[in-house]
**Student:** 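Below is the structure I would like to discuss, written out as structure tokens.
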Amino acid sequence: MKKIYPDAAAALDGLLSDGMLIAAGGFGLCGIPELLIAAIRDGGVKDLTFASNNAGVDDFGIGQLLQTRQVKKMISSYVGENAEFMRQYLSGELELEFTPQGTLAERMRAGGSGIPGFYTKTGVGTKVAEGKEEKDFDGETYILERGIVADLSIVKAWKADETGNLIFRKTARNFNPPAAMAGRICVAEVEEIVPAGSLDPDHIHLPGIYVHRLIQGEHEKRIEQRTIREA
């Protein structure tokens with residue numbers, strides 16, 4: 001099956017619809033599928049739900065889609081760098097399902113592994129546990145968390161081969177692999193595509209069975225918090 005597409009718009013052709021659930025990779029500003037996010041913005045779909053560690057910043061990452069009012073709900077673990085996210089949430093314009101960071105990663109991994117739910121101690125006794133089933137194991141209380149199965153996954157990797165095997169760089173590996181697994185369809189953008197067989201199998205982080213479409217592009221290297229010493 002041919003997986004390589006010429007650009008983000010072509011790779012998303014026929015996949016976007018109003019009201020869909022999208023799992024997006026990225027950790028802070030590292031590993032954000034920026035080209036695919038821009039194509040979603042330009043596609044004009046609305047009422048989207050995003051499962052993502054964060055929403056980027058106001059003018060980068062999913063923050064762009066908040067500015068254009070294309071996002072209805074965020075399933076996120078960290079929202080601290082986006083003023084527009086905060087404004088929309090506090091004014092009631094944006095729904096938020098706040099999820100502990102490890103729980104969010106496991107919810108996506110579980111969904112991609114065919115696991116409908118799992119029990120965790122994280123969040124017990126807090127607002128995170130409200131409305132969720134509780135069960136005791138060995139004298140400890142756990143809450144049931146549901147796996148996430150998204151209509152579409154968008155991820156960003158460092159390198160891929162022609163069959164979609166992916167290698168991620170450093171922090172970009174945190175959320176991109178489970179986000180890719182969670183989608184019924186996964187589209188990946190990468191910095192380099194190499195011939196099949198070029199990658200050491202021991203270095204592959206995500207097998208190509210999870211990746212349906214692939215693009216190569218130029219990416220912006222942003223710094224989320226720039227800190228310097230005084231001269």
Side-chain angles (χ1 to χ4, degrees), residues 21-34 36-37 48-58 60-66 71-86 88-90 94-113 115-135 137 140-150 152-158 166 168-183 186 188 205-206 210 222-225 227:
L21 169 59
I22 301 175
F27 191 80
L29 298 185
C30 180
I32 289 177
E34 62 200 72
L36 294 166
I37 290 172
L48 302 173
T49 296
F50 270 88
S52 175
N53 168 62
N54 65 92
V57 291
D58 291 331
F60 193 66
I62 299 172
Q64 298 175 79
L65 302 177
L66 292 175
V71 180
K72 177 184 71 175
K73 179 179 178 180
M74 291 293 304
I75 304 172
S76 295
S77 58
Y78 179 69
V79 298
E81 304 296 333
N82 195 310
E84 181 61 16
F85 189 123
M86 179 179 67
Q88 289 189 24
Y89 172 65
L90 293 177
L94 178 69
E95 298 177 46
L96 172 61
E97 184 177 331
F98 204 55
T99 306
Q101 193 150 261
T103 300
L104 178 59
E106 180 61 13
R107 288 182 67 190
M108 291 193 285
R109 191 204 66 83
S113 301
I115 299 171
F118 59 92
Y119 287 96
T120 177
K121 290 178 66 176
T122 305
V124 171
T126 73
K127 286 186 174 294
V128 170
E130 291 181 1
K132 295 176 181 174
E133 178 186 328
E134 295 187 355
K135 192 175 182 67
F137 295 90
E140 299 283 350
T141 301
Y142 294 73
I143 57 175
L144 177 65
E145 293 282 2
R146 295 297 305 271
I148 293 174
V149 178
L152 171 69
S153 291
I154 55 172
V155 299
K156 194 262 180 181
W158 172 49
L166 301 183
F168 300 92
R169 286 272 292 164
K170 303 184 186 302
T171 309
R173 192 176 171 187
N174 285 4
F175 272 89
N176 274 296
M181 295 174 66
C186 174
H205 299 140
L206 186 78
Y210 289 105
R222 284 216 183 185
I223 298 175
E224 189 167 2
Q225 295 283 357
T227 303

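Each residue takes its place number in the sequence, starting with 1.
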**Student:** Side chain of Ser76, backbone of Tyr78: donor and acceptor closer than 3.5 Å?
**Tutor:** no

**Student:** Do Lys156 and Ile32 touch side chain to side chain, with heavy atoms closer than 4.5 Å?
**Tutor:**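 The answer is no, as the side chains (C-beta and beyond) never meet within the 4.5 Å cut-off.
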
**Student:** Taking only residues two or more places apart in sequence or in another chain, which ones pass side-chain contact (heavy atoms from CB on, under 4.5 Å) with Arg173?
**Tutor:**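 Arg173 satisfies side-chain contact (heavy atoms from CB on, under 4.5 Å) with Phe168, Pro177, His205 only.
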
**Student:** State, with a plain yes or no, whether a side-chain heavy atom of Ile143 is found less than 4.5 Å away from one of Val128.
**Tutor:**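 Yes, close enough: below the 4.5 Å cut-off.
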
**Student:** So do Lys121 and Glu140 actually touch side chain to side chain, heavy atoms under 4.5 Å?
**Tutor:**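 Heavy-atom side-chain distance check passes, below 4.5 Å.
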
**Student:** Test your reading of the model: is there a side-chain donor-acceptor pair from Asn53 to the backbone of Ser77, 3.5 Å cut-off?
**Tutor:** no

**Student:** Do Glu34 and Phe60 come within less than 4.5 Å of each other through their side chains, counting heavy atoms only?
**Tutor:**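 Glu34 vs Phe60: side chains touch.
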
**Student:** Can you check whether Phe27 reaches Asn176 side chain to side chain, under 4.5 Å on heavy atoms?
**Tutor:** no

**Student:** Would you check if Ile62 and Ser52 make a side-chain contact, meaning some heavy-atom pair closer than 4.5 Å?
**Tutor:** yes

**Student:** Would you find more than 12 non-hydrogen atoms of other residues, nucleotides or ligands less than 6.0 Å from Tyr89 atom OH?
**Tutor:** no

**Student:** Considering only NZ, NE, NH1 and NH2 on the basic side and carboxylate oxygens on the acidic side, decide whether Glu97 and Arg107 come within less than 4.0 Å.
**Tutor:** yes

**Student:** Between Gln88 and Leu66, is there a donor-acceptor pair closer than 3.5 Å when you use the side chain of the first and the backbone of the second?
**Tutor:**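 Yes, because the side chain of Gln88 sits within donor-acceptor range (under 3.5 Å) of the backbone of Leu66.
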
**Student:** Under 4.0 Å between a side-chain nitrogen and a carboxylate oxygen: does that hold for Lys132 and Glu145?
**Tutor:** yes

**Student:** Determine whether a donor-acceptor pair (N or O, by modelled atom type, separation under 3.5 Å) exists between the side chain of Ser153 and the backbone of Gly183.
**Tutor:**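 Side chain of Ser153 to backbone of Gly183: a pair is present.
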
**Student:** Test of understanding: with side-chain contact (heavy atoms from CB on, under 4.5 Å), list the residues that count as partners of Tyr210, not counting sequence neighbours.
**Tutor:**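 Listed in chain order: Met181, Leu206, Pro207.
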
